[in-house]
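Structure, as structure tokens:
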Amino acid sequence: MTRDVFIFKPETVQEILVNATRALGATMEYHEARLQAELLLAHALETTRALLLARLDETMSPERAARYAANVARRAQHEPLAYILCHAEFYELDFVVDRRTLIPRHETETLVELALAAARAAPVIVDVGTGSGAIALALAHNLPHAQILATDISPDALAVAQINAARLELESRVKFRQGDLLEPVVERFDVLASNLPYIPSQRFAELPREIRAFEPRVALEGGEDGLAVMRRLLAQLGRHAARGAVAFLEISEEQGKSAVELARQTLPRAAVTLHRDMEGLDRVIEIELGDAGE
Ligand SMILES: C[S@@+](CC[C@H](N)C(=O)[O-])C[C@H]1O[C@@H](n2cnc3c(N)ncnc32)[C@H](O)[C@@H]1O
């Protein structure tokens, strides 16, 4: 046996990256594996992906390499990258996310756009089912004088939302309340924005493992037809709405027709409009309550 065997041979960043890409390649396409390996590596080296190239010949400390390997193993087990990096971008803002809350989705930005246009001078703005705080905080950031109330049934999600409010320096204007739908809100709302769970229960098992095994079930599952939580919210809207109030509710792309019908049945005096997202898919129903509030 030569002496070399006993000498620790540090690996270069390049070698580590190749191994990580190979490990991730077992569960995804090569180019995706390489991208994810690079993003995790940039995180491990506290740099950006663009700057990695200049560091490929460096050696990595064993501690750092071990932490990187642990994160690659998590990703190989299908844990979403956002949870491993504890970060997600939404409406050009940086959010902390972990398994206590849903990862905000790009398609929800349509709901924010619509609510923003309606909320410019609204005294009471409410986000129901706030999760990471994504919608409420995006609205507050873009409406510098607005006060926003945000509810969630999950105390865990609200703990994350509170962290995000502090990081974005919006704590004084966004208040979080725990409870079922609008129950914790005594104020009458002028604008309401809500992205409630809408996956039909029988579809839950078909969701990709990334979602099904890692994101909170309470953030995803919407009962038999996916509209169970929204149905209960619609029934609460009238008695919580100010005169002339408007509500924006996110739906899945297959729910346009049924969600519009449901809203019209529940609130016959309201005007209901269906909006598409940037991909042309049904995404939001808008309910102008007029004098439908009690
Ligand atoms: C689809 S996630 C949306 C999270 C966040 N608003 C977003 O768009 O990223 C649905 C959220 O609604 C919350 N939720 C589910 N049922 C609820 C209820 N009955 N009352 C209040 N919040 C509820 C979940 O905890 C979860 O945070």
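Order of listing sets the numbers, starting from 1, for every ligand and every atom in it. The figures here come from the full heavy-atom set of this structure, side chains too, leaving out hydrogens, waters and symmetry mates. Because the structure is predicted, anything quoted here is derived from the model rather than measured.
Contact analysis puts Thr130 in contact with ligand 1, with a non-hydrogen atom separation below 4.0 angstrom. Put simply, part of Arg232 is less than 4.0 Å from ligand 1, judged by heavy atoms. Residue contact check for ligand 1: Ser194 places no non-hydrogen atom closer than 4.0 Å to it. In this structure, Pro197 has a heavy atom closer than 4.0 Å to ligand 1. The shortest heavy-atom distance from Val128 to ligand 1 is not under 4.0 Å.
A 4.5 Å side-chain heavy-atom check between Ile135 and Asn195 finds at least one atom pair inside the cut-off. Within the 4.5 Å cutoff, side-chain heavy atoms of Leu139 are placed close to those of Leu116.
An N or O contact shorter than 3.5 Å is missing between Arg105 and ligand 1 by distance. Residue Asp180 has at least one nitrogen or oxygen atom sitting less than 3.5 Å from a nitrogen or oxygen atom of ligand 1, judged on distance alone. On a distance-only criterion, Ile153 and ligand 1 share at least one N/O pair closer than 3.5 Å. For ligand 1, the polar-atom distance check finds an N/O of Asn195 within less than 3.5 Å of one of the ligand's N/O atoms. By the 3.5 Å distance cut-off applied to N or O atoms, Val229 is not counted among the residues near ligand 1.
Residue-ligand proximity, Gly179 to ligand 1, at heavy-atom distances under 4.0 Å covers atoms 20 (N), 21 (C). Every atom of ligand 1 is numbered from 1 in the order shown, and the set under 4.0 Å from a heavy atom of Gly129 is 3 (C), 4 (C), 5 (C), 6 (N), 11 (C), 12 (O), 13 (C), 22 (N). Residue contact check: Pro104 has heavy atoms under 4.0 Å from atoms 9 (O) of ligand 1. Listed by atom number, the atoms of ligand 1 under 4.0 Å from Thr108 heavy atoms are 8 (O). Residue contact check: Ser154 has heavy atoms under 4.0 Å from atoms 25 (O) of ligand 1.
Proximity of Ile103 to ligand 1, defined as any heavy-atom pair under 4.0 Å, is not found for any part of the residue. Counting heavy atoms closer than 4.0 Å to ligand 1, residue Ile135 contributes side-chain atoms (C-beta onward) but none from N, CA, C or O.
Rounding to the nearest 0.5 Å gives a distance of 10.0 Å between OG1 of Thr21 and CE of Met28. Rounded to the nearest 0.5 angstrom, Leu81 CG and Asn71 CG are separated by 9.5 Å. Annotation: the span from Leu158 atom CG to Gln178 atom CD amounts to 6.5 Å, rounded to 0.5 Å. One distance of note links CG of Leu181 with NE2 of His240; it measures 9.0 Å at 0.5 Å rounding.
Of all the listed residues (Val97, Asp152, Leu111), Asp152 holds the heavy atom that lies closest to atom 26 (C) of ligand 1.
In terms of protein heavy-atom proximity, atom 20 (N) of ligand 1 is nearest to Leu181 N, 2.8 Å. The nearest heavy-atom contact from the protein to atom 2 (S) of ligand 1 is Ala219 O, 3.4 Å. For atom 15 (C) of ligand 1, the closest heavy atom belonging to the protein is Val218 O, 3.3 Å.
Checked against Glu79 for a side-chain hydrogen bond (donor to acceptor under 3.5 Å, both in side chains), the options Arg74, Arg209, Arg99 give a single hit: Arg74. For the pairing with Val72, the side chain to side chain contact (heavy atoms under 4.5 Å, CB included) check across Ile84, Ile16, Leu40, Leu17 returns one residue only, Leu40.
For Arg276, the CZ atom counts as loosely surrounded, since its 6.0 Å shell holds 12 or fewer non-hydrogen atoms of other residues, nucleotides or ligands. Within a 6.0 Å sphere centred on CD of Gln202, heavy atoms belonging to other residues, nucleotides or ligands number more than 12. Within a 6.0 Å radius of NE2 in His141, other residues, nucleotides and ligands contribute 12 heavy atoms or fewer. The local environment of CZ in Arg105 is crowded, with over 12 non-hydrogen atoms from other residues, nucleotides or ligands closer than 6.0 Å.
Between Asp282 and Lys257 there is no salt bridge, since no side-chain N of the basic residue sits under 4.0 Å from a carboxylate O of the acidic one.
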